[in-house]
Every structure is written in structure tokens, then in C-alpha cells.
Amino acid sequence: MSAPTVAGDLRASVRGYLESAAPEAEVRRIAETPSGSDPAVWARLADLGLTGLGVPEDFGGAGAGFAELGVVLEELGRSLLPAPFFSTAVLGVQALLLSGDAAAQAEYLPQVAEGRLRVAVGTVGASTVAAVPGSRGWLLDGLADGVLDGATADLVLVFAAADDGPALFAVPADAAGLSRTPLRTLDLTRRQARVELHATPAVLVGSAGDGGRVAAALLDRALAALAAEQVGGAQRVLEMAVEYARTRYQFGRSIGSFQAVKHRCADMLIDVERARVAADAALAAVDTSAADLPVAARVAGTFCGEAYFAAAASNIQVHGGIGFTWEHPAHLYYRRAKSSQLLFGSPGEHREELMRQLGH
Amino acid sequence: MVQPSADESLDGFRARVRAWFAENVQLTGGVKDESFDAVDVARRFQAALFDARLAGLTWPAEYGGQGLTTAHQLAFNEAAEPYVVPTMPLLIGLGMCAPTLLEKGTQEQREEHLARMLRGDEVWCQLFSEPGAGSDVAGLRTRAVRDGDDWVVTGQKVWTSGAHYSDYGLLLARTNPDVPKHLGLTMFVVDMRAPGVTIRPLRQITGGSGFNEVFFDDVHVPGDAVVGEVDRGWQAAVTTLMNERVSIGAGGGGLGRRLGGGEFAALADLARRRGGLADPVLRQSLASVFVEERLLELLSSRIREDVRAGRTPGPQGSVAKLAGAQLARHAAEVGLEVLGSGGAAWESDDADAERWTQALLGAPGNAIAGGTPEIMKNILGERVLGLPREPAVDRDVPFRELRVGGGRS
Ligand SMILES: Cc1cc2nc3c(=O)[nH]c(=O)nc-3n(C[C@H](O)[C@H](O)[C@H](O)COP(=O)(O)OP(=O)(O)OC[C@H]3O[C@@H](n4cnc5c(N)ncnc54)[C@H](O)[C@@H]3O)c2cc1C
């Protein structure tokens with residue numbers, strides 16, 4: 001079986017699941033629960049083999065690469081199903097893999113694959129955590145802000161500054177001195193938390209001083225993965241806008257027959273098509289360990305976020321008044337689009353880093 | 001309270017306005033719109049303004065206005081500049097409905113309502129849009145049928161801002177479905193508390209409920225509530241819509257506009273407090289917000305001068321409407337740029353994040369309300385630039401044969 005077919009099958013099965021089990025009403029129901037998540041959904045994703053999609057087969061996962069992860073992320077981006085897939089199955093799994101820590105991988109990854117462990121990662125930039133060696137292991141102090149699904153995770157991975165440089169640490173949810181505050185979020189379908197650590201015991205993951213490398217590689221992968229999710233959302237709002245433009249009548253004609261609306265939709269398509277190639281290239285660069293991954297990730301990171309937000313805003317405009325209502329799904333995407341643009345550094349920072357990567 | 005004297009000079013007037021604002025400053029600021037409270041604050045503010053003989057400066061004296069000159073209005077605006085005027089809930093009435101009554105209403109309607117509107121005793125809303133008729137408002141379906149001298153209204157309106165706190169509404173209804181759509185409409189004044197009127201709030205993407213669905217079930221409207229002529233409602237509606245653009249873009253004679261505390265000032269302050277004022281990219285963004293805002297102010301004051309001089313505002317109404325929506329969106333995006341990840345997630349006491357995320361969420365509404373950008377550009381292209389109109393399928397056909405509404409996504 002050729003790779004595209006595998007990806008095609010995966011897409012069909014994930015979309016089939018999401019369309020039947022997670023229609024908009026269900027997405028809204030979960031988003032409005034106090035924790036913003038539903039353990040039953042996570043268990044179901046585990047049954048489908050999705051929580052362990054990127055987990056190596058040795059640890060009970062599917063051993064899939066970013067091409068396949070990208071497919072699932074696109075579908076989740078379409079659906080907006082609140083589930084800790086991005087935090088756990090992408091950031092958590094990849095941080096553990098990048099750390100090269102065989103013991104940590106053996107301990108945590110099988111549990112992720114089985115759907116028993118949800119992992120949140122305090123990415124660099126938004127965290128100011130310091131690590132000091134205590135009498136019985138490491139102790140962490142500081143805070144990590146804007147941690148995706150941070151309040152509901154069973155395990156928190158954080159980057160912390162130690163004497164030998166930055167390092168990755170694992171903190172179980174019940175660790176002493178760990179407090180997690182759910183934050184108000186622009187995005188209603190993905191929660192974030194502030195994680196605070198006060199002399200919190202933690203386990204070093206990987207080697208001391210290696211955190212900078214892990215964080216940088218994780219950021220590249222996070223940008224590639226996020227781009228796929230953004231493409232899925234952008235594609236969905238494009239479809240929504242086109243369907244409405246076809247079926248909404250004003251002045252005795254379908255509004256899509258007005259060139260202004262038609263061109264608005266075409267502009268969305270132009271952006272979505274370019275976002276898709278950008279995301280695919282970044283995902284492929286991860287899978288092939290391409291030297292230009294940092295560049296591909298930033299091309300995707302800047303373009304896909306902007307394209308998605310523009311498309312989500314356009315979708316509201318095509319819908320007119322109804323698009324400005326809470327009941328219509330358009331705003332859920334508008335919120336996700338802007339929020340995801342702010343997740344792993346600003347577009348400005350990505351552009352600056354891009355220039356650096358290009359040697360300028 | 002400082003009272004005007006018969007021969008008050010312009011300088012004396014200016015001083016009186018300043019003194020009044022200084023004295024009543026506790027009424028300004030910290031006002032949230034969309035709630036019942038906000039309306040109360042607006043009513044009280046407007047009543048105080050009226051009683052101080054500072055409301056409706058250029059309106060004719062016979063309808064409660066002051067009959068003063070444009071120079072007085074400009075002096076007033078200048079003196080009021082530092083204050084946040086809490087009269088947003090009255091904007092539709094004062095900026096759109098009142099000018100329509102002035103131009104198209106009967107003598108009785110003007111006498112009954114204008115002074116009361118000006119004093120904030122009557123709050124009004126605009127009952128034009130329907131589920132099937134927004135940009136194409138002339139495609140509306142709400143029927144008004146004769147019943148002796150009176151009318152009986154049946155149908156549904158939607159997106160009616162402020163219907164839930166309004167006393168009256170300016171209703172556009174179909175009185176003749178057998179003629180082309182523009183020729184069978186009539187405008188009415190309706191009492192929002194009349195039997196058969198049901199108002200249901202709609203939640204906006206901001207989370208607030210500023211607009212509503214309004215249902216009319218056999219609502220009796222007296223014959224003398226017709227504004228203008230029967231079946232000539234479109235002409236009256238055009239008056240309202242022209243004033244709407246001016247109101248939204250230029251801030252209805254300085255009454256609804258958020259005087260003082262502009263977007264640029266707020267953003268610069270935000271960047272100073274949260275960091276980023278030294279970032280060259282952000283500085284560029286801030287500067288461009290300043291330029292946009294300055295241009296809108298210049299445009300607005302030109303429009304207001306025209307209005308006061310009795311000239312019908314030209315294309316600037318649509319230009320200002322477009323520019324205002326663009327500025328709102330741009331400023332919100334820059335706000336989130338300053339906040340960075342703090343604009344995606346924040347602690348509940350973070351007023352900055354609340355303000356700028358609300359601005360971002362409200363921005364699409366600014367663009368849609370009062371005519372979408374596409375409609376504004378059609379108006380500019382066709383009516384101002386004289387470019388040929390698109391071939392129309394709906395102009396010479398009886399209304400009943402038209403396809404309206406629909407839409408699913
Ligand atoms: C916050 C808010 C407050 C409002 N308050 C009021 C109020 O108080 N009273 C009231 O009566 N109404 C009110 N409205 C309604 C507003 O006037 C309409 O939403 C607006 O006119 C658009 O109509 P629609 O929603 O039916 O969209 P549609 O007219 O269906 O438009 C859908 C899309 O088609 C495009 N389109 C339509 N016709 C054309 C064309 N000929 N050429 C090119 N593109 C076209 C539009 O630009 C838009 O992108 C409010 C709306 C909002 C969002």
C-alpha cells in the first residue's frame with residue numbers, strides 16, 4: 001500500500017469518526033464543561049489508535065510520522081473537537097522522543113498510547129522556571145504560562161534553567177508545590193493554564209544542559225504540526241463560506257454570483273492552497289530530518305497562521321449578520337485562528353528567526 | 001449650574017460647556033454598553049445635557065433643539081473631547097431615526113417625539129433587517145395590511161440593536177407585494193411595547209447581547225404612524241441609511257463617538273505598560289494606526305460640518321463607515337500583537353486582554369452593521385463614481401416573484 005493511500009484511509013476514518021461522534025453540538029458541549037475536556041473522548045481517540053499515532057511501535061504506538069500526524073491535526077482543526085491531542089500526542093510525545101531519554105520514554109509513552117496519560121508541555125519563551133538539585137532529586141521554581149491543556153494533564157513537562165543550562169523536566173500532576181490555574185482563553189475550544197512551581201520535585205528528562213536543543217527542535221515540530229491544524233481549520237471555513245455564498249440569496253441572486261463575494265472566496269482558496277503546501281513541506285521536512293526544517297517550519301508558521309485568520313475573518317463577512325452570532329460556528333474558528341497565531345511566538349519572531357536561519 | 005444668557009458669545013458658550021463637563025464628569029467613563037444599566041446612564045446623561053440646554057445644538061428650536069450654529073457645535077466638540085460620552089445607546093435614535101423624522105415625518109410625529117428623543121426620554125431602534133433581507137433590505141417580507149384607518153403588522157425582524165431597551169422603533173414593512181420591491185414599502189413608527197411585539201435577545205460572538213430578534217404578531221399600528229407616504233417607505237429608508245453611515249463612521253454629531261481616548265492612545269499606553277514600545281516593527285504598526293485614526297477624525301469633522309451646514313453628506317459617509325471598520329480591526333490586531341500570547345490566554349483580572357480580545361471579536365460586527373464593505377463599495381462605485389450598475393434581476397419584477405434569503409453553511 002502506498003503512503004498516500006495510507007494517509008487517505010487515515011483521513012477518511014478520522015473524519016468519519018469526528019463527523020459522527022463530534023458534531024458542532026458535541027464540540028460546544030465539551031467546550032462548555034468546567035474542564036473543557038471529556039475523558040471519554042480521549043479514551044475513544046486511544047481506541048482508534050490516535051493518541052499513540054506518533055509513539056514508536058516499541059512503546060505500543062503506531063510509529064507514524066508527521067505526514068500522518070498532519071492528517072489527524074488537519075481533521076481536528078476542521079472539527080475543533082476539544083481533546084488534548086496537540087498537547088499530548090504532538091508536544092508531549094515529541095518532547096519525550098527528542099529528549100532521547102529511554103527510561104522516560106518507556107515509562108510514559110506506552111501510557112500515552114493507551115490513552116492513560118495526558119501530557120502538557122510548558123514551551124520555552126513563556127516559561128521562567130529554575131531547577132536546582134535537592135537532596136533527593138531536582139526541585140523546580142517558577143512559572144510556565146499559557147500551557148496548552150495544562151490544567152487537565154496528568155504529567156507536565158517543563159523546560160527549566162539549571163546550572164548546566166536549560167533542561168527538560170517531568171512533573172506529575174500530584175507533585176508537591178505544583179499549582180495550575182486555568183486561564184481565560186480567546187479560543188473556546190482549547191484551554192490553557194498557568195503552571196506554577198514552588199520547590200516542586202521533578203525528574204530530569206534527557207541530559208542536563210540539553211534542553212536548548214530539545215526546545216529548538218520541538219518548536220520546529222510544533223510549528224509544522226500547528227500549520228497542519230491551521231490548514232484544516234482554514235479549509236473548513238472556506239467550505240462554509242462557499243456553501244453559504246451558493247445558497248444565500250440577496251437582490252434576487254445567490255450572493256456568490258457577486259464578484260466581490262466570489263473573489264473573497266477565491267482569495268481564501270488562494271491562501272488555503274498556499275498554506276497547504278507550506279504545511280505539507282514542513283511536515284515532510286520533519287519526517288526526512290531535512291536540514292532546512294527550521295526554514296520550512298517558519299515559512300509554514302508565519303503563512304498558515306495569517307492565512308487561517310484571514311480566512312476565518314472572511315468567512316464571517318460572507319455570512320453577514322448571522323456570522324456575528326454566538327450560535328453560528330464561524331466565531332469558534334475566528335477565535336482558534338487568532339489564538340493559534342499567538343501560540344508559539346509571534347509572526348514577527350518567526351520572521352526574524354527565518355532571516356537568521358537564512359544567514360542574514 | 002451655569003445658564004446661558006440671551007446674548008452669550010461663542011467664548012461664553014465654550015466656557016459654559018467646559019464648566020458643565022467638569023461638573024458632570026462623574027457621569028462619564030467606566031460605562032459598559034449593551035446592558036440595561038448603560039441605557040440608564042445614557043438617558044440620565046442626555047437629560048442632564050438637555051436640561052443644561054446643550055443637547056441638539058444645531059437642531060431647530062421648535063423641536064427642543066438649540067438652533068445654534070456649526071461654530072457652536074465645533075466648540076462643544078472641542079470642549080467635550082477629553083470625555084467619554086456614554087450616549088452610545090441613543091445613537092440610533094438621535095443619529096438615524098430623528099433625522100428621518102425631521103426630513104420625512106409628519107408635524108405631529110416631530111412634535112411628539114423629537115424633543116423627547118433629544119432628552120433621552122425616548123430610546124429608539126431601527127427595525128429594517130430581516131433573516132432574508134439584510135444588504136437587500138428592500139427584499140423584506142414583514143407585511144403591514146390595512147385595517148380601516150390602521151395597519152396590522154406581521155413578520156420578523158432580526159439584528160435589531162437595542163430593541164430590548166427601546167421605547168419606539170422605525171419599522172420598514174411591505175404594504176404592496178405586487179409591485180417591484182422598492183415600490184411597495186412603508187415606514188412606520190411602532191411602540192415597542194405594543195401587544196404582539198416579542199423581543200428575543202441574540203448573543204453575539206463577543207458574548208454580549210446587543211441585538212435581538214423582534215417578532216410581530218398581528219400588531220396594530222395606527223394610521224398616523226406612517227412616516228412619509230404609504231408605499232414610499234424606501235425613500236424614507238434611504239434617509240435613515242444615509243444617516244446611519246454618517247452616524248457609524250463619523251459619530252452622529254459628536255454624540256455617539258467615543259470622544260477622547262482613541263485607539264492609538266490606548267495602544268501606545270498598552271505598549272508602554274506591557275512592553276514593546278521599543279520594538280521597531282510594533283512602532284510601525286502603532287504609527288499606521290495613528291495615521292488611520294487621524295484620517296478618520298478629519299473625515300468625520302468634515303462630514304459633521306456638512307451635516308450642520310444642511311448639506312447632505314456625500315460619499316464621505318460610506319468612506320468613513322469603511323475606514324472606521326478598518327481602523328477597529330487594525331487596532332484590535334495591533335492590540336493582540338502587543339499582548340502576544342497574553343492575548344490568547346489571560347487571568348480573569350487582566351483588563352487589557354479583555355479589552356483587546358473584545359475589540360477583535362467586535363470588529364467583524366463593525367464591518368457588517370450599517371452596510372457591509374461590499375455594499376459600501378458598490379455605492380461608491382455606482383452612485384459616486386458613476387460606474388455602470390451590475391445587471392439586476394430584481395428591479396422590475398413584482399416582489400412576490402423574487403427569491404429572497406435562504407443560506408446554509
Ligand atoms: C452588530 C450588528 C448590529 C446591527 N444592528 C441593526 C439594527 O439595529 N437594525 C437593523 O435593521 N439591522 C441591523 N443590523 C443588520 C445589518 O444591517 C445587516 O447584517 C447587514 O446589512 C448585512 O445583511 P445580512 O446580515 O443579511 O447579510 P447579507 O446581506 O446576506 O450579506 C452576506 C454577504 O453577501 C454580501 N453581499 C450581499 N449583497 C451583495 C452585493 N450586491 N454585492 C456584493 N456583495 C454582496 C455581503 O457583503 C456579505 O458579505 C446589524 C448587524 C450587526 C452585525
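Please read all numbers here as calculations on a predicted model, not as lab measurements. Letters A, B, ... mirror the listed sequences (proteins, then strands); counts begin at 1.
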Inset, instruction - List in chain and number order the residues that pass ring pair (Phe, Tyr, Trp, His ring centres under 6.0 Å) with A:Phe309, two or more places apart in sequence or in another chain; answer none if no residue qualifies. - result: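 Partners of A:Phe309 by the ring pair (Phe, Tyr, Trp, His ring centres under 6.0 Å) criterion, ordered by chain and then number, come out as A:Tyr334.
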What part of [X] gets closer than 4.5 Å to chain B, counting heavy atoms only: side chain, backbone, both or neither?
{"X": "A:Ser346", "result": "neither"}
{"X": "A:Leu188", "result": "neither"}
{"X": "A:Arg351", "result": "neither"}
{"X": "A:Arg335", "result": "side chain"}
{"X": "A:Arg246", "result": "side chain"}

Legend entry - Side chain / backbone / both / neither for B:Leu282 at chain A, heavy atoms under 4.5 Å: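 Nothing of B:Leu282, per the 4.5 Å heavy-atom cut-off to chain A.
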Pick from [options]: which one has the most heavy-atom pairs with chain B under 4.5 Å?
{"options": "A:Gly348, A:Ala313, A:Gly321", "value": "A:Gly321"}
{"options": "A:Glu239, A:Arg191, A:Arg253, A:Glu327", "value": "A:Arg253"}
{"options": "A:Trp326, A:Phe258, A:Phe344", "value": "A:Trp326"}

Legend entry - Proximal to chain A - members of residues 383-391 of chain B, heavy-atom separation under 4.5 Å: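 B:Glu390, B:Pro391, listed by number.
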May I have the list of side-chain donor-acceptor pairs in residues 330-340 of chain B shorter than 3.5 Å, sequence neighbours left out?
| unit_1 | atom_1 | unit_2 | atom_2 | d |
| --- | --- | --- | --- | --- |
| B:His330 | ND1 | B:Glu292 | OE2 | 2.5 |
| B:Glu333 | OE2 | B:Arg329 | NE | 2.7 |
| B:Glu333 | OE2 | B:Arg329 | NH2 | 3.4 |

Legend entry - Partner set under side chain to side chain donor-acceptor pair (under 3.5 Å) for A:Gln230, not counting sequence neighbours: A:Ser340
